[in-house]
There are 2 protein chains.
Amino acid sequence: MTRKVKGSDPRDGRSTRWSAHREARRDELVLAAVAAIDAHGPQAGVGEIAAAAGVSKPVLYRYFADKADLHAAVGTWGAGVVMERLLPALLSEGTVRERVDLGCEAYLAAIEEHPNVFLLLVAHRVESDADPLADGKAAIAAAMARVLGDTLRELGVDAAGAEPWAHGLVGLGLSTGEWWLTRRTMSRAAVRGYLAAFVWHAFEGLAREYGVDLTDSAPDDPDDPDRADERGGTP
Amino acid sequence: MTRKVKGSDPRDGRSTRWSAHREARRDELVLAAVAAIDAHGPQAGVGEIAAAAGVSKPVLYRYFADKADLHAAVGTWGAGVVMERLLPALLSEGTVRERVDLGCEAYLAAIEEHPNVFLLLVAHRVESDADPLADGKAAIAAAMARVLGDTLRELGVDAAGAEPWAHGLVGLGLSTGEWWLTRRTMSRAAVRGYLAAFVWHAFEGLAREYGVDLTDSAPDDPDDPDRADERGGTP
DNA sequence: GATAACCGTTACTTCAAGTAACAGATAACT
DNA sequence: AGTTATCTGTTACTTGAAGTAACGGTTATC
């Protein structure tokens, strides 16, 4: 069954004294759940997670409405790890192709560190009446849509494609990542090469349709003619 | 729990008389399950599916090892529907861009007819010891890998990227489809345009890296100079 | 001293997946 | 004609994981 976490309507110090503690405790339990999923896989049960966290199930249910809420927290944590590696790479200096390549490398490195958390994030689905951003995938897509949308607006073109392209990009990356983590038939460098090339050519071609040339300049320094040293390319 | 469906080692007519019947019956039950999922959503339980099929649960469990086996059958059915629309479009006459556009249109039309079956297919995961092709997604990716691999080999270039690109393509398509079906913030024509443009530019750029020009010819008739009428393009 | 909310625990409930066990029908075999 | 194999149907039942009730102790605030 599903129900809301007990709401707290603080009236005095006896109740407010616990607010910061509750947030810290919930974060601690999320990290413990992450460790348990890392160790036991995305199909670990609530009892297993509680045991690994050194608490009993009622303690977990004090902080999470249900198993889905706990999974949402783990997936959101995983999305945070991916984004804190991916976004700096995408916004770094360098040509667009370099940044795409760095972004793919950052992404694959992040999911390789926590493969089971990643596989839980990919598989997880929020109920239709829940906050869509409780889904790690949707959180990543929202961040990508913002970056793409801002970029398209800076170029002075229609930004309506940002959201479908962001969701498509997330699907492209997650499905490739899931395949790679479960099959391991090629190296990370090879996967990065194929993924980055795919994304780069999609970006370059879409930009060209809008009249923008991404092939030899960084958007923040388009007047520099000496930027010929490019990484990337299909392995 | 999970166990295999009872194996049948036919010895005489009393047992062999049922073989064709069992296959037909299973197919009938899959279609009934598809109808139930269509009506009640991907989260419909086994009891609900059985009731909608007009049978009791033990009857379902005679033909399916467990709920996951039933879901695999429904997902495989959905993948079959997608592929029987998608593959003819991809292999039709016309330029590559036209075929990509037709493929996206065929795909979105197929998933719009059975949105709940599609959402089940997307969410479904097979256990690690099961046949990977029992997963509808993997079945579609395998078909795409074959088409891409054959195409790359016909071009005389390295086909190693076929598999990661196929999985990436499937992820791109499924994630875009899932987002569109659950959000419906734009028309199917608009989604098709964005998706097709992304895929087309990725293909065109990758092919160009291999020294192949896709921009104005169909691969099966590259000597025809009059093929200038192209569909597609970003909305 | 009373109160609010934390901590711990085990026993317990709930519910959906999955099965046991029964009897009847039909066609193939002996 | 009798036996056998597998189908059909059913309801009651088991299983196991999610989730909760209920209890007492601790600590800081009122």
Side-chain angles (χ1 to χ4, degrees), chain A residues 1-29 32-33 36-37 40-74 124 127, chain B residues 1-29 32-33 36-37 40-74 124 127:
Chain A
M1 89 252 342
T2 298
R3 55 160 179 74
K4 302 285 198 186
V5 184
K6 287 195 188 71
S8 165
D9 181 13
R11 290 180 174 75
D12 61 25
R14 286 172 298 180
S15 119
T16 56
R17 79 186 261 235
W18 297 108
S19 295
H21 169 81
R22 280 186 65 83
E23 287 190 40
R25 183 80 164 121
R26 190 180 197 275
D27 289 346
E28 186 186 324
L29 290 172
I37 297 291
H40 297 101
Q43 75 289 341
V46 178
E48 238 177 324
I49 295 174
V55 301
S56 61
K57 288 193 294 178
V59 171
L60 276 187
Y61 286 100
R62 279 192 191 124
Y63 293 89
F64 302 96
D66 50 22
K67 183 177 185 180
D69 193 21
L70 179 60
H71 275 198
V74 170
H124 177 245
E127 293 179 20
Chain B
M1 89 238 4
T2 298
R3 57 163 177 72
K4 300 287 195 187
V5 184
K6 287 195 183 71
S8 166
D9 181 14
R11 291 180 172 73
D12 60 24
R14 287 171 299 180
S15 126
T16 56
R17 78 187 259 235
W18 297 108
S19 295
H21 169 80
R22 280 184 66 85
E23 287 191 38
R25 184 78 164 124
R26 190 180 198 274
D27 289 345
E28 187 186 322
L29 290 171
I37 298 291
H40 298 101
Q43 74 289 339
V46 177
E48 240 176 321
I49 294 172
V55 300
S56 62
K57 289 193 295 177
V59 171
L60 276 186
Y61 285 100
R62 281 191 187 121
Y63 294 91
F64 302 97
D66 51 20
K67 184 180 186 181
D69 193 21
L70 179 60
H71 275 200
V74 170
H124 177 244
E127 293 179 17

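Throughout, a chain's letter reflects where its sequence line sits, starting with A, and its residues are numbered from 1. Quick caveat, the model's predicted, so the values are computed rather than measured. Any value given below was found using the heavy atoms of this structure, including those in side chains, with hydrogens, waters and symmetry copies removed.
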Item to check | Under-4.0 Å salt bridge between A:Arg22 and A:Asp27 | outcome: no
Checklist outcome for this item: What one should report as the nearest heavy-atom pair of B:Asp69 and B:Tyr63 is OD2-O, 4.4 Å
Checklist entry - With A:Arg17, which residues qualify under salt bridge (charged side-chain N to carboxylate O under 4.0 Å, His left out), at least two apart? => result none
Next on the checklist: Under 4.0 Å from OP1 or OP2 of C:dT19: is there any side-chain N or O of B:Tyr61 that close?
Outcome noted: no
Item to check | Set of salt bridge (charged side-chain N to carboxylate O under 4.0 Å, His left out) partners for A:Arg25, sequence neighbours left out | outcome: A:Glu28
Item to check | Residue list, side-chain contact (heavy atoms from CB on, under 4.5 Å) with A:Ala32, at least two apart or on another chain | outcome: A:Ala53
Next on the checklist: Using a strict heavy-atom distance below 4.0 Å, which residues from residues 42-60 of chain B are in contact with DNA chain D?
Outcome noted: B:Ser56, B:Pro58, B:Val59
Checklist outcome for this item: Residue set satisfying ring-ring contact (aromatic ring centres under 6.0 Å, His included) with A:His40, at least two apart, ordered chain then number -> none
Checklist outcome for this item: Per atom distances to the B:Arg22 side chain, the nearest of D:dG9, D:dC7, C:dC6 is D:dC7
Checklist entry - Between the side chain of B:Glu23 and the main-chain N/O of B:Ala20, is any donor-acceptor distance below 3.5 Å? => result no
Item to check | Pair A:Val59-A:Arg62, side chain to side chain contact (heavy atoms under 4.5 Å, CB included): steps then yes or no | outcome: CA-CA 5 Å; A:Val59 171; A:Arg62 279 192 191 124; 3.8 Å; yes
Kindly give the atom pairs (protein nitrogen or oxygen, nucleotide nitrogen or oxygen) under 3.5 Å for nucleotides 2-5 of chain D.
{"from": "D:dT4", "atom 1": "O4'", "to": "B:Arg14", "atom 2": "NH1", "distance (Å)": "3.1"}
{"from": "D:dT4", "atom 1": "O2", "to": "B:Arg14", "atom 2": "NH1", "distance (Å)": "3.4"}

